[in-house]
Amino acid sequence: MCGIAGIVSHQEVNQELYDALTVLQHRGQDAAGIVTCEGGRLHLRKENGLTRDVFTNSQMLKLRGTMGIAHVRYPTAGCSSSAEAQPFYVNSPFGLTLAHNGNLTNAKELKHALFVEDQRHLNTDSDSEVLLNVFAHELQQLGKLRLTAEDVFQAVSAVHKRCRGAYAVVIMIAGFGILGFRDPHGIRPIVFGERKAELGTDFMIASESVALDVLDFDVIRDIAPGEAVFIEKKGKLHIKQCAEIVDHCPCIFEYVYFARPDSIIDDISVYKARLRMGEKLAAKVLREWPDHDIDVIIPIPDTSRTAALQMAHKLGVKLSEGFIKNRYIGRTFIMPGQQMRKKSVRQKLNAIGLEFEGKNVLLVDDSVVRGTTSEQIIQMARDAGAKKVYFASAAPPVRYPNVYGIDMPAAHELIAHDRTEDEVCQAIGADKLIYQDLADLIEAVQKGNRTIKHFDTSCFDHHYITGDVDDAYLEQIEAARNDKAQESRSSASFMIEIQNSN
């Protein structure tokens, strides 16, 4: 999962791109990057770390230009190499830079074709670099010295024919403009908007609407599945549908966990969707456990707070803030290695004993993935004096890997994989476990936009919408994503850094 942004303006864009990344920081904390265009010259800064740490004042001053793109990374295969920080750049044709959110499911085949047929060199293991080179090759095949918007759209159409998987993309063509496009299933989110200024209209593309809100851009709409938006450097907007077949199927986990609650994705308020998740969970409790003895509902900060609020309201149970979060610790399942993950949970949460002592507590979280966090938090509640600890998940059991840009681990590392709900309850140490039903989750999200007929729910039901994910592919990504592989890569990266510093 990553965050992307692009701005075409009549003033310098470096500060606004930086601000956009800080707003989108929740989508990736591994690396950050900005590239701007001044005339025909590109200025790039990218590195591992949070946005605030990657960019200094002196570096920001070098990022001159009135258009640019930006990226925050959350690695989908656990790689922490700074070489894979985005935006990526290729010099031919014209000078192209790319920022990508998602994952290509046919990256391996594309890499082979790029080398053998297109004669292009790849310098990283990132599928984003693959996507950039596919677009570059298709644009170069047109043989144009001076581009038109139609030429750009033709290249996007060719990308749709070659690439499979999830991709929300911004590409800057040096001296010409910025392009944004979305895969034909619209799995990952991307939105665009405008801002009226004295010198003309500025345009912005970003992963979430909240980034536009903060910078005073008015949202025009989401980029449709298969659609492309191109903004010339002087501010002229072009839009075209570039895919022959589209089937809108956005990732439902955006609404459960990843997106900010103040964002609107595909005309669905994330906040309202999470409220409805809480309502559905409360209805399930009343249906299956009408004589419950819950004394207090406590959300696990931060994304579960909205669902817990509505759940408490519907059940008529007190809601309390029982955990205080350290804002300076990263998300736990982004971190490679189980040992680091376990240490992080205790560092980032601390229980308020008075809210737990002698009470039957229902903890509410957005989901249960590995179960490591849930198990430790339940134990923290017991240590704080809770009499009984119940646990509710706003999402159904996560039983399968996500292959569309979310770093959900290998299947055997998912606590619900090949386990019943009672077995998961026992494994995390809860007195009772309440999962959201998949049908209720879909209804909670879909109610915001009935035109969306289905969602990507593959991590719950094993249905992969692109139709090209089989057991062999899942075994391949498992080898890349499991904790052992991530720890090996982290150790190798650490040794390389030491060698480079000597």
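All figures in this text were calculated on a predicted structure; none of them were measured in a lab.
Looking only at distances, a side-chain donor or acceptor of H26 sits under 3.5 Å from a matching main-chain atom of V23. K284 contributes a side-chain N or O that, together with a main-chain N or O of Y435, makes up a donor-acceptor pair within less than 3.5 Å. The main-chain N or O of G33 is never found under 3.5 Å from a side-chain atom of Q86 such that the two would form a donor-acceptor pair. No side-chain donor-acceptor contact under 3.5 Å links D222 to the backbone of A224. A donor-acceptor pair under 3.5 Å is formed between the side chain of R399 and the backbone N or O of R419. Remark: the backbone N or O of F460 is not paired with any side-chain donor or acceptor of T457 at under 3.5 angstrom. Under the 3.5 Å distance criterion, the side-chain polar atoms of S207 are left unmatched by any main-chain donor or acceptor of I190.
Around the CD atom of E357, the shell of radius 6.0 Å holds no more than 12 heavy atoms that belong to other residues, nucleotides or ligands. Within a 6.0 Å sphere centred on NZ of K272, heavy atoms belonging to other residues, nucleotides or ligands number 12 at most. A 6.0 Å sphere centred on CD of Q426 holds no more than 12 heavy atoms belonging to other residues, nucleotides or ligands. No more than 12 heavy atoms of other residues, nucleotides or ligands lie within 6.0 Å of CD in E244, so this atom counts as exposed by the packing criterion. For CG of D19, the number of neighbouring non-hydrogen atoms (other residues, nucleotides, ligands) closer than 6.0 Å is greater than 12.
Inter-residue side-chain proximity for L98 and L131 is flagged as met; some heavy-atom pair is nearer than 4.5 Å. For the pair Y74/D30, no side-chain contact is recorded, criterion being any heavy-atom separation below 4.5 Å from C-beta on. For the pair I171/F135, a side-chain contact is recorded, criterion being any heavy-atom separation below 4.5 Å from C-beta on. Inter-residue side-chain proximity for E129 and N123 is flagged as met; some heavy-atom pair is nearer than 4.5 Å. No side-chain heavy atom of I265 sits less than 4.5 Å from a side-chain heavy atom of P250. Put simply, the side chain of N402 reaches to within 4.5 Å of the side chain of D456, judged on heavy atoms. C249 is not listed as a side-chain neighbour of H463, based on a closest heavy-atom distance of 4.5 Å or more. The side-chain heavy atoms of I4 and I205, taken from C-beta on, include no pair separated by under 4.5 Å.
Considering K388, R382, K387 as possible partners of D431, the one that fulfils the salt bridge (Lys or Arg N to Asp or Glu O under 4.0 Å) test is R382.
Counting only N and O atoms by type, the side chains of H313 and E279 include no donor and acceptor under 3.5 Å apart. No hydrogens or angles considered: nothing links the side chains of N106 and R162 as a donor-acceptor pair under 3.5 Å. Counted by atom type alone, Y390 and D293 present one or more donor-acceptor pairs between their side chains at under 3.5 Å. H71 and N101 form no side-chain donor-acceptor contact under 3.5 Å, judged by distance and modelled atom types alone. Side-chain contact of S304 with D366: a donor-acceptor pair under 3.5 Å is absent, judged by distance alone.
Under 4.0 Å is where a charged nitrogen must lie from a carboxylate oxygen, and between D127 and K108 no such pair does. Salt bridge status for R221 with E227: present, with a side-chain N to carboxylate O gap under 4.0 Å.
Partners of Q241 under the side-chain hydrogen bond (donor to acceptor under 3.5 Å, both in side chains) rule, at least two apart in sequence or in another chain, do not exist in this structure. For I352, the side-chain contact (heavy atoms from CB on, under 4.5 Å) criterion is met by I324, E355, not counting sequence neighbours.
The two residues V296 and S320 come nearest to each other via the heavy atoms CG2-OG, 3.5 Å. Nearest heavy atom pair, residue A85 against residue A31, reads CB-CB, 3.8 Å. Minimum interatomic distance between I452 and Q446 (heavy atoms only, all atoms of both residues): O-NE2, 2.7 Å. Heavy-atom minimum distance, V389 versus A381: CG2-CB, 3.9 Å. Annotation for V72 and L24: closest pair CG2-O, 3.5 Å, computed over non-hydrogen atoms. When all heavy atoms are compared, the tightest approach of C163 to L110 is SG-CD1, 3.8 Å.
The distance between the ring centers of F323 and F356 falls below 6.0 angstrom.
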*Evaluate the criterion side chain to side chain contact (heavy atoms under 4.5 Å, CB included) for residue pair L17 and I69; output intermediate values, then yes/no.*
CA-CA 7 Å; L17 286 170; I69 64 174; 5.8 Å; no
*Is there a salt bridge (Lys or Arg N to Asp or Glu O under 4.0 Å) between K318 and D295 once you walk through the steps?*
CA-CA 7 Å; K318 177 185 175 183; D295 295 320; over 6 Å; no
*Does the salt bridge (Lys or Arg N to Asp or Glu O under 4.0 Å) test come out yes or no for R182 and D266, once each step is laid out?*
CA-CA 12 Å; R182 195 178 188 188; D266 288 317; 2.9 Å; yes
*Run the salt bridge (Lys or Arg N to Asp or Glu O under 4.0 Å) check on D302 and K325 step by step: do they pass?*
CA-CA 8 Å; D302 282 314; K325 185 176 182 179; 3.6 Å; yes
*asked:* For F115 and L122: C-alpha separation, side-chain torsions, deciding distance, then whether side chain to side chain contact (heavy atoms under 4.5 Å, CB included) applies.
replied: CA-CA 8 Å; F115 180 75; L122 298 176; over 6 Å; no
*Which is it for T124 and F88 under the side chain to side chain contact (heavy atoms under 4.5 Å, CB included) test, yes or no, and what are the steps along the way?*
CA-CA 10 Å; T124 72; F88 282 123; 3.9 Å; yes
*Yes or no on side chain to side chain donor-acceptor pair (under 3.5 Å) for T466 and Y404, after CA distance, side-chain angles and deciding distance?*
CA-CA 10 Å; T466 53; Y404 299 127; 2.6 Å; yes
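Taking the six-membered ring where tryptophan is involved, the planes of F181 and H160 are perpendicular, since the angle between them exceeds 60° and thus also 30°.
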